[in-house]
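One structure is given here, and the rest of the page talks about it.
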Amino acid sequence: MTSTGFGKGCHLHLIDGSAFIFRAYHALPPLTRKSDGLPIGAVAGFCNMLWKYISDQNGSNAPTHVAVIFDHSSKTFRNDIYPEYKANRPELPEDLRPQFPLTREATRAFNVACIETEGFEADDIIATLACQARDAGGAVTIVSSDKDLMQLVGQGVNMLDPIKNKAIGPDEVAEKFGVGPDRVVDVQALAGDSVDNVPGAPGIGVKTAALLINEYGDLEALLERAEEIRQPKRRQTLIDFAEQIRISKKLVQLDCQTPLDFSLGSLEVRDPESEALLDFLSRMEFRTLTARVAEKLGVEAPAVVSAPTSVAPAAPDLPVMGANGYQTLSDLAALDAWIDDIRETGHVAIDTETTGLDEMQAGLVGISLAVRPGDACYIPLAHVEGEGDLFGSGDRLPGQLETADVLSALKPVLEDPAILKIGQNVKYDWKILARHGISMTPVTDTMLMSYALNAGTHNHGMDELAERYLGHKCIPIKELIGSGKSQIGFAQVAIDKAAPYAAEDAEVTLRLWQHFAPLLSSERVTTAYETLERPMIPVLADMEMAGVKVNGDTLKRMSNAFAQKMAQLEEEIHQLAGEKFNVGSPKQLGEILFDKMSLSGGKQGKTGAYSTSADVLEDLAAEGHDLPARILDWRQVAKLKSTYTDALQSHVNPDTGRVHTSYSIAGAQTGRLASTDPNLQNIPVRSDEGRRIREAFVATPGHRLVSLDYSQIELRILAHVADIPALKQAFRDGIDIHAMTASQMFHVPVEGMDPMVRRQAKAINFGVIYGISGYGLSRNLRIPRAEAQAFINTYFERFPEIRVYMDKTVADAKEHGFVRTLFGRRINTPGINASGPAAGGARRAAINAPIQGAAADIIRRAMIRMHAAIRHLPAKMLLQVHDELVFEVEESAAEELIAAARQVMEAAAEPAVKLSVPLVVDAGIGENWAEAH
DNA sequence: ACGCTCACG
DNA sequence: GACGTACGTGAGCGTA
């Protein structure tokens with residue numbers, strides 16, 4: 001060490017204080033000090049982060065010197081260069097500002113140097129200190145993820161992202177900016193920064209900037225030789241904006257010459273002085289942290305006094321949440337005691353914690369169990385060193401039971417038919433456990449119970465249900481893992497934080513079950529729950545785990561072809577427009593079409609933007625304008641590429657080579673499933689180009705894809721429920737239903753019918769299911785509104801039962817607040833008695849729900865029976881698309897499968913409902929989905 | 001985060 | 001007489 005107290009062998013850690021504060025503020029709910037309501041959340045988070053940081057330091061990277069650097073208010077020299085610098089920063093939240101001084105106080109209480117200088121940004125102070133330390137021969141770690149600090153990296157200076165716990169060295173900087181740390185300022189000067197309001201060069205982003213800098217060496221060389229740039233627009237920009245770019249560089253360049261009135265040596269690490277620190281923490285009323293710090297410092301924690309809690313006591317017959325403390329199980333004897341309890345009780349609420357949300361890839365991190373209110377535990381299995389330890393090794397933390405031991409102890413319980421397993425969205429846990437060889441049965445699901453009771457009223461996530469029905473606010477997951485880019489995995493969450501969260505989930509699930517279970521029968525949805533919801537869990541889990549084979553190479557080829565086509569169209573479009581613009585931006589497009597070219601039909605919506613939707617563009621194209629026609633072509637290709645050929649490739653599971661969607665059972669209001677990650681229920685089929693994407697969905701060699709779909713199922717249900725004799729007879733006779741409708745309406749024979757007339761009747765048939773209006777039909781058919789209304793009137797005259805059905809359904813909804821499907825599914829209609837524009841929508845939704853819902857019920861019933869019906873065949877059910885089921889089957893058994901599956905589907909309503917119309921199922925076979933459909 | 005647009009039944 | 005309007009979904013993109 002040198003005479004100034006800092007030199008070779010020293011390691012200076014510079015903590016970006018503002019980053020800690022903002023991180024703490026946004027990660028935590030708005031906590032207040034109990035005794036006086038002072039907002040304190042950011043201070044609490046700041047203290048936790050700082051304490052963990054300084055108390056977990058050991059090893060070769062540990063600091064010998066440390067400081068926390070803060071910004072000190074307002075104007076800096078950069079505002080003299082460019083008055084607009086940081087001008088568009090949003091105002092500070094009002095509950096954050098008073099916490100700033102407290103974070104300084106906290107830093108001093110922890111006995112860490114607290115640095116700020118009037119008129120200088122923290123970044124410049126950090127830069128100055130880093131330069132001084134480096135020049136003195138020491139090492140520097142900057143604890144921040146701020147990209148503006150990355151220019152300092154190199155030559156003994158590193159950064160550490162405290163959220164991701166990731167070191168940022170020259171390689172990471174190069175990855176982010178495309179250039180080494182020494183050229184970062186050049187790239188930033190060109191690219192600008194919207195957050196700090198650094199102008200940069202218009203139209204040039206980080207990528208282009210890096211490209212240019214790498215080609216010309218540095219910014220000055222680039223600006224001097226700007227004439228040589230090949231792209232005309234880019235060239236002009238650099239010439240025109242050279243001065244602005246130079247100013248930008250001055251704004252982003254950190255200043256290493258900040259005057260400082262202390263020496264590096266004074267930043268030497270000091271132990272906290274326990275009295276001062278504990279005094280501060282107890283004044284803030286941080287109970288947990290006070291206790292933790294006291295323990296570590298080996299002194300007695302001071303009493304933390306505050307006003308008595310004003311939280312209402314829980315219902316007298318129930319203990320409060322977590323009444324008996326949440327146990328963290330770390331030995332097998334304790335687990336055995338829980339298993340005995342579960343066996344005695346006959347049920348258990350279970351929740352799994354995992355590394356991610358994709359059940360096909362997520363690893364098991366822990367399991368929580370609850371048997372009765374107040375009694376819940378957490379079994380950590382795979383937590384790793386991570387949060388809090390900024391130099392965490394990723395090693396599995398000690399004190400955890402082996403996953404294999406725990407699962408083999410639990411397996412007999414989880415598979416015991418006499419023990420009920422209660423979950424919230426238990427399909428998730430079912431799949432996780434299935435991947436560990438456990439087939440959980442029987443299961444029940446509070447999310448699905450809520451769906452059976454409350455569909456249409458609210459969503460059915462745990463937080464929502466806990467708040468509505470238990471009056472309990474769950475610990476937000478964000479508090480543990482953060483959000484956005486800085487999210488960590490659950491495995492990185494410290495066990496003592498994970499345990500209360502996880503155990504709480506199990507307890508909440510148990511309490512929800514106690515709440516909902518008796519309601520099923522009193523609200524008369526037991527049948528719906530037991531026949532339409534609960535049995536779907538293993539059925540869908542099986543389908544999702546099976547996945548469908550998708551040929552990535554085919555998609556890649558298509559992507560390339562689409563990219564070429566897009567580029568070509570883009571060029572044409574720019575030519576037609578007379579200027580370059582972002583074709584994907586509806587805003588820019590609208591301005592070109594309706595302002596610049598003054599085309600008619602420009603309609604501005606509530607945001608003031610012109611609508612450029614397909615039907616608007618189609619109208620314009622029909623008037624003979626080329627530009628809108630080309631845009632439509634471009635949009636189609638862009639959609640196919642981004643949403644399908646590109647995105648689908650990324651969903652191919654590397655282990656299985658297949659795509660595993662996830663079906664949400666309780667997502668749609670009507671009983672339909674919804675498919676996510678990826679959505680396989682909206683793969684293109686209507687256009688020839690789009691349909692080719694289905695060619696990438698293939699059967700494995702020696703197999704075939706088989707698709708079976710219900711023909712006109714919703715119209716058949718309408719014929720049955722509305723009891724429309726003419727429609728029912730037509731379905732019984734198996735005649736063309738749309739032609740029949742047209743014939744009845746327009747008094748023309750079916751034979752030799754004008755296709756146009758049939759098309760109109762078809763539109764009306766579909767419209768009726770949706771609660772038709774003259775306006776809607778006129779838009780759909782592109783006919784005058786009066787004409788559309790006349791059609792509808794005629795339709796209702798020919799089929800008067802439809803109006804009766806609609807009126808009755810709406811009256812039902814108004815009277816009861818819900819409608820039911822044929823199979824007893826309940827769909828609530830909370831908006832039905834509203835007035836105003838929303839009322840129409842609620843009416844139509846109520847009319848549609850029993851029809852769409854019954855169709856959903858029927859295919860669910862078919863799916864539930866399918867497993868047993870095709871068990872003897874080498875076949876698997878893979879996909880459901882509302883009225884279609886897709887199977888994969890050994891080639892030789894394809895016909896047999898079709899016969900068996902068709903039988904199940906056509907009889908799916910029975911015996912619960914005897915439909916007065918037949919259900920008809922069409923089938924197709926192929927090597928891919930395009931052929932099979 | 002939100003609106004627009006568009007893919008499906 | 002005016003108003004806003006077909007039912008149910010999910011995903012990607014641009015914009016703020």
Side-chain angles (χ1 to χ4, degrees), chain A residues 88 90 194-195 455-456 483-484 581-590 605-617 631-632 634-644 646-648 650-651 661-664 667-687 689-691 693-694 709-715 718 763-781 785 788-789 792 827 835-853 855-856 859 879-884 933:
Chain A
N88 55 7
S194 58
V195 178
S483 64
F581 69 102
N582 184 348
V583 184
S585 160
K587 184 167 173 275
Q588 295 178 28
L589 174 63
K606 54 188 163 203
T607 57
Y610 292 111
S611 169
T612 66
S613 60
D615 47 342
V616 173
L617 298 187
I631 298 278
L632 285 167
W634 183 90
R635 285 226 181 120
Q636 195 199 3
V637 181
K639 177 79 174 182
L640 293 177
K641 180 169 187 295
S642 70
T643 308
Y644 299 105
D646 286 352
L648 220 40
S650 71
H651 279 286
T661 185
S662 180
Y663 290 102
S664 54
Q669 321 273 311
T670 55
R672 275 196 179 177
L673 302 177
S675 159
T676 63
D677 307 303
N679 182 354
L680 296 186
Q681 292 181 321
N682 73 346
I683 303 301
V685 70
R686 292 174 189 170
S687 76
E689 282 228 292
R691 188 158 50 240
I693 288 170
R694 295 191 174 217
D709 69 288
Y710 284 108
S711 160
Q712 309 284 6
I713 186 166
E714 292 191 0
L715 219 41
L718 175 70
I764 298 175
N765 276 333
F766 277 110
V768 157
I769 293 169
Y770 302 144
I772 197 164
S773 74
Y775 178 86
L777 186 65
S778 78
R779 283 188 56 132
N780 190 302
L781 286 175
R785 201 177 146 170
Q789 191 56 54
I792 293 168
I827 297 144
S835 58
R843 262 187 79 249
R844 291 191 295 272
I847 291 167
N848 175 255
I851 302 169
Q852 189 180 112
I859 198 165
L879 302 175
Q880 189 247 46
V881 192
H882 308 308
D883 66 357
E884 173 189 9
H933 184 79

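Letters A, B, ... are given to chains in the order of the sequence lines, protein chains preceding strands, and every chain is numbered from 1. Note that these values count all heavy atoms, side chains included, but never hydrogens, waters or copies made by symmetry.
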Indicate, with a heavy-atom threshold strictly under 4.0 Å, whether A:Ile683 touches base, sugar-phosphate, or nothing.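 Answer is sugar-phosphate: A:Ile683 comes under 4.0 Å of backbone atoms only.
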Once you apply a heavy-atom cut-off of 4.0 Å, does A:Ala614 come out as touching a base, just sugar-phosphate, or nothing?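 Sugar-phosphate only.
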Nucleic acid footprint by protein, nucleotides 10-16 of chain C - heavy-atom cut-off 4.0 Å, B for base, S for sugar-phosphate alone: BBSSSSS
Quick check on [N]: is either OP1 or OP2 less than 4.0 Å from any side-chain nitrogen or oxygen of [X]?
X        : N     : result
A:Arg635 : B:dC6 : yes
A:Gln669 : C:dT9 : yes
A:Thr612 : B:dT5 : yes
A:Arg672 : C:dG8 : no
A:Arg686 : B:dA7 : no

Mind checking the C1' distance from C:dC3 to B:dA7? Whole angstroms is fine.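 Those two atoms are separated by 30 Å.
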Which nucleotide in the set C:dG4, B:dT5, B:dG9 lies at the smallest distance from any side-chain heavy atom of A:Arg785?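 My answer, after comparing the listed nucleotides, is C:dG4.
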Find the runs of at least 3 consecutive base pairs, i with j, i+1 with j-1 and so on, that include DNA chain C, using Watson-Crick or G-U wobble geometry with both distances under 3.5 Å.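 For DNA chain C the paired stretches long enough to count as stems (3 pairs minimum) are B:1-9 with C:7-15.
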For A:Ser675 versus A:Thr661, what's the shortest heavy-atom pair and its separation? OG-OG1, 2.7 Å
What one should report as the nearest heavy-atom pair of A:Ile851 and A:Glu714 is CG2-O, 3.5 Å
